[in-house]
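Keep in mind that this is a model prediction, so the values were computed, not measured. Chain A is the first sequence line, chain B the second, and so forth, proteins listed ahead of strands; every chain is numbered from 1.
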There are 2 protein chains.
Amino acid sequence: MSSTLNPLFQHFETYIPLSTPLRQELESRIRIRSFKKGQLLHDAKYVCSESHFIQKGLVRVFFEKDGKEISEYFSAEGEWVNSPRSFMQQQQDIYSIDALEDTDTYCLQVRDLIYLFDHFPEMDRYSRLTMGILFGHFMERITSMRFTTAKEKYEHFRSVYHDICHRLPLGMIASYLGITQETLSRIRAEK
Amino acid sequence: MSSTLNPLFQHFETYIPLSTPLRQELESRIRIRSFKKGQLLHDAKYVCSESHFIQKGLVRVFFEKDGKEISEYFSAEGEWVNSPRSFMQQQQDIYSIDALEDTDTYCLQVRDLIYLFDHFPEMDRYSRLTMGILFGHFMERITSMRFTTAKEKYEHFRSVYHDICHRLPLGMIASYLGITQETLSRIRAEK
DNA sequence: AGTAGTTTTTGATCCATATCAAATAATCGC
DNA sequence: GCGATTATTTGATATGGATCAAAAACTACT
């Protein structure tokens, strides 16, 4: 019963029971991939056709604005990452994804995911439950972005991204928060 | 085949085919409710146990901060509204919901929704698809809130909430955007 | 219709944070 | 390990929007 996909299976099982047929389909459709630090998991030039479950490592979803790279969010071990609208609606979008550390992923093609959705109704349930959680995070992020000082934004960030905070360069955190790196640097300095 | 629930049925059918049994369950579980302008659909004092599909009207999801009411978002005809985390996790949360106009809703209890999720797998699919759309809106909102001037925030708001913008008092829009009403008033004045 | 309450506008001032500039520190490739 | 590139810190200045205050314009209730 042992599989290299164990971490992924465990993840699924916190939301739905994994039947043997579903397990087998995942087994046959998921491909293990590795990315060196700095490598792109997805380039905004293309439509996003695959989703990655991160087994080890850290990635950044970002886009360009006025020649600067803005972090949209970060994903680490145990999370899926893709360019959401591009992946779900198979159209271009502004986001690229790169590895901030050497990263290993379980990679699923959109056509395979569609197959799974069509043949395993529990995948819809899985999706509903995980999206519900993301939903809550989004609301919190939006709230923490209005009526807050730069310092409060940073403190909220530290509480949410507690364990990966120190793995991220300052400039990327600043652009995630919508503040300049100079301001963030001063906030860090003052205590 | 005519039902007072027709608008709701039509909404569902843009995402999933509605089987007769599901239709009947909805028929028997959904209750029509009316709220006068100013009335609360949900009070933050309680756990949110019902979700409303708005047939006619306009509501606001808001919370209190420093004695002021902050708008989290607005919902109008053809949308579901509840206090998301409170409703989904059956715990208290900060949000209340009030009617900004006289409002008619189709009201579904959380226990009935759970019943539907447990007996009609297509409800999971419905939920996955609709949440996916919300997801996109959230991302856009977050982006439009960083690195933008108050004016750009307002312009983005107008494009998203195009048809209900004029039905909302200025102060509520300002708190939604995270700017003061004085600033919004000046933005409106200048052109 | 008239008064009280609420919402919006207008004005004056102030402050948090952006911007610009340059020095220092860290990281990377050879 | 050493220069080159990239990231962070520090300083000086500018500014968008907050805050405070009060007038004007709406709304609603009796």
Integer-rounded Å distance: dT8(C) P and Lys68(B) NZ: 14 Å

query: Aromatic rings Tyr15(B) and Tyr126(B): how do their planes relate, parallel, tilted or perpendicular, breaks at 30° and 60°?
result: perpendicular

- prompt: If you take atom types as modelled and just measure distance, does the side chain of Arg186(A) reach the base of dG11(D) with a donor-acceptor pair under 3.5 Å?
  reply: yes

message: Please classify the nucleic acid contact of Ile179(B) as base, sugar-phosphate, or nothing, using heavy-atom distances under 4.0 Å.
response: sugar-phosphate

message: Can you measure Lys36(A) atom NZ to dG29(C) atom P for me and round it to whole angstrom units?
response: 12 Å

field: Interatomic distance, Gln181(A) CD vs dA26(C) P [rounded to whole Å]
entry: 16 Å

- request: Quickly work out the Glu182(A) CD to dA12(D) P distance and round it to whole Å.
  value: 15 Å

message: When you compare the side chain of Phe35(A) with that of Asp102(A), does any pair of heavy atoms fall below 4.5 Å?
response: no

- prompt: Given atom CD of Glu190(B) and atom P of dT9(C), what is their separation to the nearest angstrom?
  reply: 13 Å

query: Side chain of Ala150(A): nearest nucleotide among dT8(D), dT17(C), dG17(D)?
result: dT17(C)

- line: Of the candidates dT8(C), dT19(C), dT17(C), the side chain of Thr149(A) sits closest to dT17(C)

field: Separation of atom CG in Leu184(B) from atom C1' in dT7(C), rounded to whole Å
entry: 12 Å

- prompt: So, is Thr183(A) close to the dA18(C) phosphate, meaning a side-chain N or O under 4.0 Å from OP1 or OP2?
  reply: yes

- prompt: Using a cut-off of 4.0 Å on non-hydrogen atoms, how would the nucleic acid contact of Lys37(B) be classed: base, sugar-phosphate, or nothing?
  reply: sugar-phosphate

- line: Picking from dG11(D), dA18(C), dT8(C), the nucleotide nearest the side-chain atoms of Ser185(B) would be dT8(C)

statement: Separation of dT8(D) atom C1' from Ile187(A) atom CD1, nearest Å, is 14 Å

- request: For residues His119(A) and Tyr115(A), determine if any side-chain heavy atom of one lies less than 4.5 Å from a side-chain heavy atom of the other.
  value: yes

- request: May I ask you to test the Leu100(A)-Arg167(A) pair for a side-chain heavy-atom distance under 4.5 Å?
  value: no

message: Applying a 4.0 Å non-hydrogen cut-off, can you work out what Gly38(A) is touching in the nucleic acid: base, sugar-phosphate, or nothing?
response: nothing

query: Does any non-hydrogen side-chain atom of Lys153(A) lie less than 4.5 Å from one of Met145(A)?
result: yes

- request: Grab the NE2-P distance between His166(A) and dA7(D) for me, whole Å please.
  value: 19 Å

